[in-house]
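Everything on this sheet refers to the single structure shown next.
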Amino acid sequence: MADFDPEWELATRAIRVGHERSQEGEHSEPIYMTSSFVFESAAEAAARFSGEQPGNIYARFTNPTVRAFEERLAAMEGGESCVATASGMSAILATCMGLLQHGDHLVSSRSIFGSTVVLFDKYLSRFGIQTTYVDLDDMQAWQSAIRENTRMLFVETPSNPLTALCDIRALAELAHAHACDLVVDNCFCTPALQRPLELGADIVVHSATKYIDGQGRGLGGAVVGDARRVGEEIFGVLRTAGPSMSPFNAWVFLKGLETLELRMRAHSAAAQQLADWLEGHPGVERVYYPGLSSHPQHALAMRQQKAPGGIVAFEVEGGRAAAWQVIDSTRMLSITANLGDTKTTITHPASTTHGRLSEEQRLDAGITQGLIRIAVGLEAIEDIQRDIARGLDAVG
Ligand SMILES: *Cc1c(COP(=O)(O)O)cnc(C)c1O
């Protein structure tokens, strides 16, 4: 990794780490749109291929723009090594392929990203890797689910959409007592709000598609951790199987990182304001937001995260009809399940992201028909509130 001052704070790392200025003296990071690299001589080519001499060979392995992104994100998460991938899902796939093998068992929190569930249940199972799901805030359940052959614990915290938290430090201790790796999907918080490696986690995975980009432009992902597991095992999967990040997307995300902390603070401040307002609204039965003192894990959230994040969920009185009315009465908010954008989005989880579950499974997970999820963007909070109030005042 490029040298940087270890005293640098996150905001400085986000702007100054990763870019090695070329002989052109450019100030902003250049985009190296090249798939391959040339050598001075046959001997140099041989030395690069054998690994005797470090340097670029082919962009499936390394590319300078992608490397700049990897070094910057590694410095922000506090990891030795980072591997950038084509999407968040390929970051999770590469992590599982790099660290697990046939016969291994994985324990995961139940309320994770939908495609991650499909990856575990439909695809990893074909290769002899079984998954058990537990509630992320139930340490006893994690402990009971661990078997002789369990090698990985996987968690997404806070959960989507109900913002339940997992105590990362406690889970890391449990993982290590059983020779397991703890993998944390840090997509919702980003290193600006939560640094799982500092709390004992082994691996952090990201969908850069969300807050790291922050403006909904491109797909990308990343894995961060130590030099052996990430720099060798997971990088080995990437360079062989090839879900590599495009240099153009790496550049978009590199610039996204520069404003990440500012944006996450702004998303959080707006979400807090919205949650406070919703909690006082007569049409709202319950609000789920870690920044509210009514949140059952408010104290853990304040300890584990720098801020509560940009996702707010709430239940309206009147079930599905009322929830849909609130959603359909908005004029500005985007009706979409995506998140991590400057644009505020509104979703009805029961009929979209959690639509394939049975009603019983849904209720088990706390996803009622009256539940609405908002991923708070960066528009003026007054305008977001007015847009939601239109439908809410009618049902309330
Ligand atoms: C979106 C998302 C993913 C998958 O990322 P893609 O970039 O869409 O492949 C994984 N985990 C979480 C928490 C996500 O929100």
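Predicted, not measured: the structure shown is a model, and the values here were computed from it. Order of listing sets the numbers, starting from 1, for every ligand and every atom in it.
Rounding to the nearest 0.5 Å places CZ of Phe39 at 5.5 Å from CD1 of Ile57.
With 3.5 Å as the limit, one finds no donor-acceptor pair spanning the side chains of Thr150 and His178. There is a side-chain donor-acceptor pair under 3.5 Å between Asn160 and Arg373. With hydrogens and angles left out, the side-chain atoms of Gln325 and Ser329 include no donor and acceptor closer than 3.5 Å. In the model, Thr336 has no side-chain atom that pairs as donor or acceptor with a side-chain atom of Ser334 under 3.5 Å. Using modelled atom types and a 3.5 Å distance limit, the side chains of Tyr211 and Asn186 yield no donor-acceptor pair.
In terms of protein heavy-atom proximity, atom 5 (O) of ligand 1 is closest to Ser207 OG, 3.0 Å. Among protein heavy atoms, atom 9 (O) of ligand 1 sits closest to Met89 N, 2.9 Å. Ranking protein heavy atoms by distance to atom 4 (C) of ligand 1, first place goes to Phe113 CE2, 3.4 Å. Looking at atom 6 (P) of ligand 1, its nearest protein heavy atom turns out to be Gly88 N, 3.3 Å. In terms of protein heavy atoms, atom 1 (C) of ligand 1 is closest to Lys210 NZ, 1.4 Å.
For ligand 1, the atoms closer than 4.0 angstrom to any heavy atom of Thr209 are 6 (P), 7 (O).
Residue Gly220 places a heavy atom less than 4.0 Å from ligand 1.
Nearest-heavy-atom check against atom 10 (C) of ligand 1 across Asp185, Leu339, Asn186 picks out Asp185.
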